[in-house]
4 protein chains.
Amino acid sequence: MAQSDTVTRILDTAEVLFAERGFAETSLRTITSKAKVNLAAVNYHFGSKKALIQAVFARYLDPFTQRFHTALDELEAHHAGKVIPLDELLETMAATVLAVPAERNSLQVFMRLLGLAYSQAQGHLRRYIQRDYGDVFTRFTELVRQATPELPDAERFWRLHFMLGTVIFTLSGLEALRDIAEQDYHEQVSVKDLVRRLRPVVVAAMNAPLPDQMQNEGLHKDFHAHSETQ
Amino acid sequence: MAQSDTVTRILDTAEVLFAERGFAETSLRTITSKAKVNLAAVNYHFGSKKALIQAVFARYLDPFTQRFHTALDELEAHHAGKVIPLDELLETMAATVLAVPAERNSLQVFMRLLGLAYSQAQGHLRRYIQRDYGDVFTRFTELVRQATPELPDAERFWRLHFMLGTVIFTLSGLEALRDIAEQDYHEQVSVKDLVRRLRPVVVAAMNAPLPDQMQNEGLHKDFHAHSETQ
Amino acid sequence: MAQSDTVTRILDTAEVLFAERGFAETSLRTITSKAKVNLAAVNYHFGSKKALIQAVFARYLDPFTQRFHTALDELEAHHAGKVIPLDELLETMAATVLAVPAERNSLQVFMRLLGLAYSQAQGHLRRYIQRDYGDVFTRFTELVRQATPELPDAERFWRLHFMLGTVIFTLSGLEALRDIAEQDYHEQVSVKDLVRRLRPVVVAAMNAPLPDQMQNEGLHKDFHAHSETQ
Amino acid sequence: MAQSDTVTRILDTAEVLFAERGFAETSLRTITSKAKVNLAAVNYHFGSKKALIQAVFARYLDPFTQRFHTALDELEAHHAGKVIPLDELLETMAATVLAVPAERNSLQVFMRLLGLAYSQAQGHLRRYIQRDYGDVFTRFTELVRQATPELPDAERFWRLHFMLGTVIFTLSGLEALRDIAEQDYHEQVSVKDLVRRLRPVVVAAMNAPLPDQMQNEGLHKDFHAHSETQ
DNA sequence: GATGAATGAGCTTTCATTCAT
DNA sequence: CATGAATGAAAGCTCATTCAT
């Protein structure tokens with residue numbers, strides 16, 4: 001068996017299993033036996049389980065960042081120094097996200113990885129992503145800034161993360177939600193359907209009116225009546 | 001040591017550790033040694049690790065569902081059979097969510113737990129929550145339906161989950177995001193600030209225009225140009 | 001709940017479970033939960049699991065030894081100093097064995113317990129039985145000795161145990177064997193049937209000719225041809 | 001350390017310990033520490049404790065069935081279609097049983113396993129033996145049938161099991177009985193001695209006169225006087 | 001007299017990793 | 001280059017027993 005074969009099969013199998021069960025719940029034994037490679041092959045080729053996780057991630061993020069940079073280059077060239085409209089930015093990102101995954105399930109893997117990267121407080125994954133792939137996000141954020149000049153910086157930061165949450169949560173939990181939706185509405189949803197549904201929502205969210213200034217807490221009593229300071 | 005003491009200490013410790021690391025990554029040994037109780041105490045009081053996880057959820061969800069039912073009762077009484085506006089529904093929910101956690105950090109813990117419950121595809125947790133706590137969500141969803149009569153049912157379902165993703169992602173990753181925001185915008189964000197920011201976004205998202213009908217995939221080529229069927 | 005009630009229920013439950021699964025495979029938890037008594041009740045009433053096991057035995061062996069002594073008294077009185085024939089001794093024993101158990105199945109339970117007591121080599125049970133109930137067996141053995149004067153002592157010892165094996169094995173595995181017999185021969189067997197079948201076999205076995213003296217191993221080659229020294 | 005070494009040492013050690021204490025009373029920790037192999041080695045090589053037990057068994061039964069088939073082949077060839085006398089069948093079986101074990105104690109293991117296989121009502125072991133090794137016993141039983149044409153089928157079935165009980169009980173409890181015999185009769189008994197003693201007993205038992213027909217229960221009152229219906 | 005709570009020891013099994021070949 | 005064997009650590013869980021009330 002050629003090396004590339006072994007490595008690829010490990011990655012393919014790991015990707016699917018990670019998406020199905022999570023990282024801790026997926027053992028190397030399960031991966032290697034399903035991939036029909038030797039148990040020691042993961043450690044041999046990747047060094048450790050953690051490195052395998054990052055390799056699974058890299059196989060996604062490397063082409064993504066490359067394509068995304070290229071797509072943003074084209075977009076900037078096309079608009080020739082003028083501001084790029086928000087919806088075009090979002091559509092470009094969506095198109096790139098959808099363009100990358102070659103196999104079934106892997107978009108979900110990607111989203112789940114992103115979700116974990118954010119939610120795990122200790123976060124070796126977050127640092128790893130920030131370090132290796134932070135540039136393209138910074139570039140994208142800057143373009144969004146130019147497209148929404150009226151938004152205060154902090155507000156934009158939060159709204160981008162609100163939307164990141166929407167997308168990651170929806171796509172990483174896709175399987176579960178799809179089950180429920182199918183059961184309740186007899187509707188077969190594809191990722192494309194979801195992205196179509198997401199577009200107007202994300203645009204509307206980004207363009208929502210600014211919140212009231214919080215001049216005095218007392219004025220918002222019905223909303224925050226029982227909340228404690230956290 | 002009184003029973004309630006041991007049980008409470010296990011729950012308190014487990015809650016924090018689960019939220020920090022996830023369920024699989026948190027061993028009973030870690031929980032019990034940190035809680036300074038005997039290792040066998042978890043199995044004695046809860047029966048299994050799985051049952052402990054559900055007990056951690058129950059401690060949040062039981063008072064939540066109770067309060068939420070009460071709050072919805074009051075809201076319905078106040079509106080006397082007429083349709084309750086969407087923003088009042090959302091504010092009621094937000095107020096209830098904020099009212100439940102009694103200790104510091106626990107809103108974040110709760111949200112992180114909810115996020116985990118959704119993202120674990122095999123989902124004994126999801127089934128458990130659906131079974132034991134589904135009623136109040138069904139009731140809430142029905143009220144939202146009356147408040148948004150123009151939305152198709154499926155669309156409403158997805159938008160509610162989009163917003164659920166926004167809220168869960170933001171609040172569960174609060175610590176990490178707070179760090180970044182503070183670093184970049186020198187802004188101290190509280191949960192209240194976030195909720196204030198969330199309100200117009202959520203309302204706008206729910207009221208966003210309907211997506212274009214997907215009559216023909218070819219028509220949306222700039223959006224889906226490179227995507228494969230998933 | 002009266003004490004006797006608790007004690008009796010523990011004994012009743014333990015007896016059945018021990019017979020079904022063996023001693024080590026039956027936990028106090030299983031016993032107490034099935035008997036619907038407190039987990040600590042066994043230790044409270046009996047002191048330890050080992051003591052419970054012995055109590056289960058005592059409940060059978062105490063009345064057995066008492067009745068057996070009485071029956072042997074009567075037999076000796078009836079024969080007035082003369083030798084008691086072997087078949088009368090055996091029938092007396094059989095009758096006593098059958099007379100003891102009061103409930104359904106409990107003869108089988110008793111036999112299974114006896115079998116366990118013998119087969120467990122470390123044998124605190126064997127010592128316990130020997131110590132507390134050895135007398136009546138010694139008395140019986142002596143009477144058998146008088147009834148079979150031609151048998152060397154060692155030979156008699158072994159043949160008695162051979163027959164003990166026959167009886168214990170057959171009666172303790174009664175359920176399984178009954179299934180097979182019923183399936184193959186469409187025959188409903190009762191304990192009485194078995195005892196009827198056992199009688200001529202046991203008598204013939206006890207009266208079998210003495211084995212050849214083992215003067216030289218080479219003379220018995222067809223029998224021991226391939227055996228090693230053990 | 002070569003694989004065969006580790007596997008063999010585990011089997012050798014397990015065999016002895018199982019025979020000494022039983023299965024449930026023998027922990028993998030005890031086995032592996034005594035065999036001086038890693039605790040995980042049992043699960044690595046055998047998969048589970050249950051599989052180890054069956055492997056211990058198989059190491060005995062595989063050569064036994066093979067040899068026994070061969071020996072019966074030879075016996076049939078020698079008698080050229082004519083009926084094989086009972087004592088030759090029994091001696092052939094005894095010789096095969098004794099020929100197999102390579103190490104000390106393993107005959108006892110074998111017998112104890114057989115005893116357990118029969119006495120455990122739920123019986124995963126009995127099913128396993130029946131499935132994998134039933135053929136040779138069926139063949140043997142048929143030859144015994146031809147050798148004892150005068151015996152009713154049911155009677156033969158029961159007598160074979162009576163004798164099976166004798167053999168299993170005696171040999172599986174050998175250690176205990178040996179202790180007693182040594183103490184009482186100052187006699188060193190070997191397995192060979194026992195087999196020599198067993199031969200005439202078994203033959204006599206198989207050839208014992210048929211029991212009285214049970215025409216009327218009342219006629220056997222002295223035998224069953226005190227017995228209840230079971 | 002009886003029990004719910006608690007405990008320390010030990011169980012089988014699985015883990016990621018390493019090693020010798 | 002690759003792998004079967006092996007390993008130390010740790011996992012979840014069950015055990016008989018004890019203790020405070």
- Query: With distance as the sole criterion, is a donor-acceptor pair present between the side chains of A:Glu15 and A:Tyr60 under 3.5 Å?
  - Reply: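 Looking only at side-chain atoms, A:Tyr60 and A:Glu15 do not form any donor-acceptor pair under 3.5 Å.
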- Message: Please determine whether a side-chain nitrogen or oxygen atom of B:His45 lies at a distance below 4.0 Å from atom OP1 or OP2 of E:dA6.
- Response: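 Looking at the OP1 and OP2 atoms of E:dA6, one of them is under 4.0 Å from a side-chain N or O of B:His45.
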- Query: Do the side-chain N or O atoms of B:Asn38 get closer than 4.0 angstrom to the phosphate oxygens (OP1, OP2) of E:dG8?
  - Reply: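 True: B:Asn38 side-chain N/O within range (under 4.0 Å) of E:dG8 OP1/OP2.
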For [X] and [N], give me the distance from atom [atom1] to atom [atom2], rounded to whole Å.
X: C:Asp5; N: E:dT3; atom1: CG; atom2: P; value: 11 Å
X: B:Leu52; N: F:dA11; atom1: CG; atom2: C1'; value: 15 Å
X: C:Ile10; N: E:dT3; atom1: CD1; atom2: C1'; value: 12 Å

- Task: Using the test ring pair (Phe, Tyr, Trp, His ring centres under 6.0 Å), find all partners of A:Phe57 that sit at least two apart in sequence or belong to another chain.
- Result: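 Partners of A:Phe57 under the ring pair (Phe, Tyr, Trp, His ring centres under 6.0 Å) test: none.
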- Message: My understanding is that only residues two or more places apart in sequence, or in another chain, count here; which of them pass side-chain contact (heavy atoms from CB on, under 4.5 Å) with B:Asp132?
- Response: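 Scan of B:Asp132 (side-chain contact (heavy atoms from CB on, under 4.5 Å), adjacent residues dropped) gives B:Tyr128.
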- Item | Pairing residues for A:Leu39 by the side-chain contact (heavy atoms from CB on, under 4.5 Å) criterion, not counting sequence neighbours |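 Result, side-chain contact (heavy atoms from CB on, under 4.5 Å) vs A:Leu39: A:Arg29, A:Thr32.
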- Are B:Leu52 and B:Leu11 side-chain neighbours, meaning at least one heavy-atom pair lies under 4.5 Å?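 A side-chain contact exists here, since the closest heavy-atom pair is under 4.5 Å.
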- May I ask you to test the C:Phe46-C:Ile53 pair for a side-chain heavy-atom distance under 4.5 Å?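 They are not in contact (no side-chain heavy atoms under 4.5 Å apart), so the answer is no.
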- Item | Charged N-O contact under 4.0 Å between C:Arg59 and C:Asp12 |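 Salt bridge flag = yes for C:Asp12 with C:Arg59.
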- Query: Stems in DNA chain E: runs of 3 or more consecutive Watson-Crick or G-U pairs, distances under 3.5 Å?
  - Reply: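 Listed by first number, the stems are E:2-21 with F:2-21.
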- Message: My understanding is that only residues two or more places apart in sequence, or in another chain, count here; which of them pass side-chain hydrogen bond (donor to acceptor under 3.5 Å, both in side chains) with C:Ser48?
- Response: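 Expected list: none.
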- Any chance you could list the contact pattern along nucleotides 13-21 of chain E? Use B for base contacts, S for sugar-phosphate-only contacts and - for none, protein heavy atoms under 4.0 Å, 5' to 3'. BBBBBB---
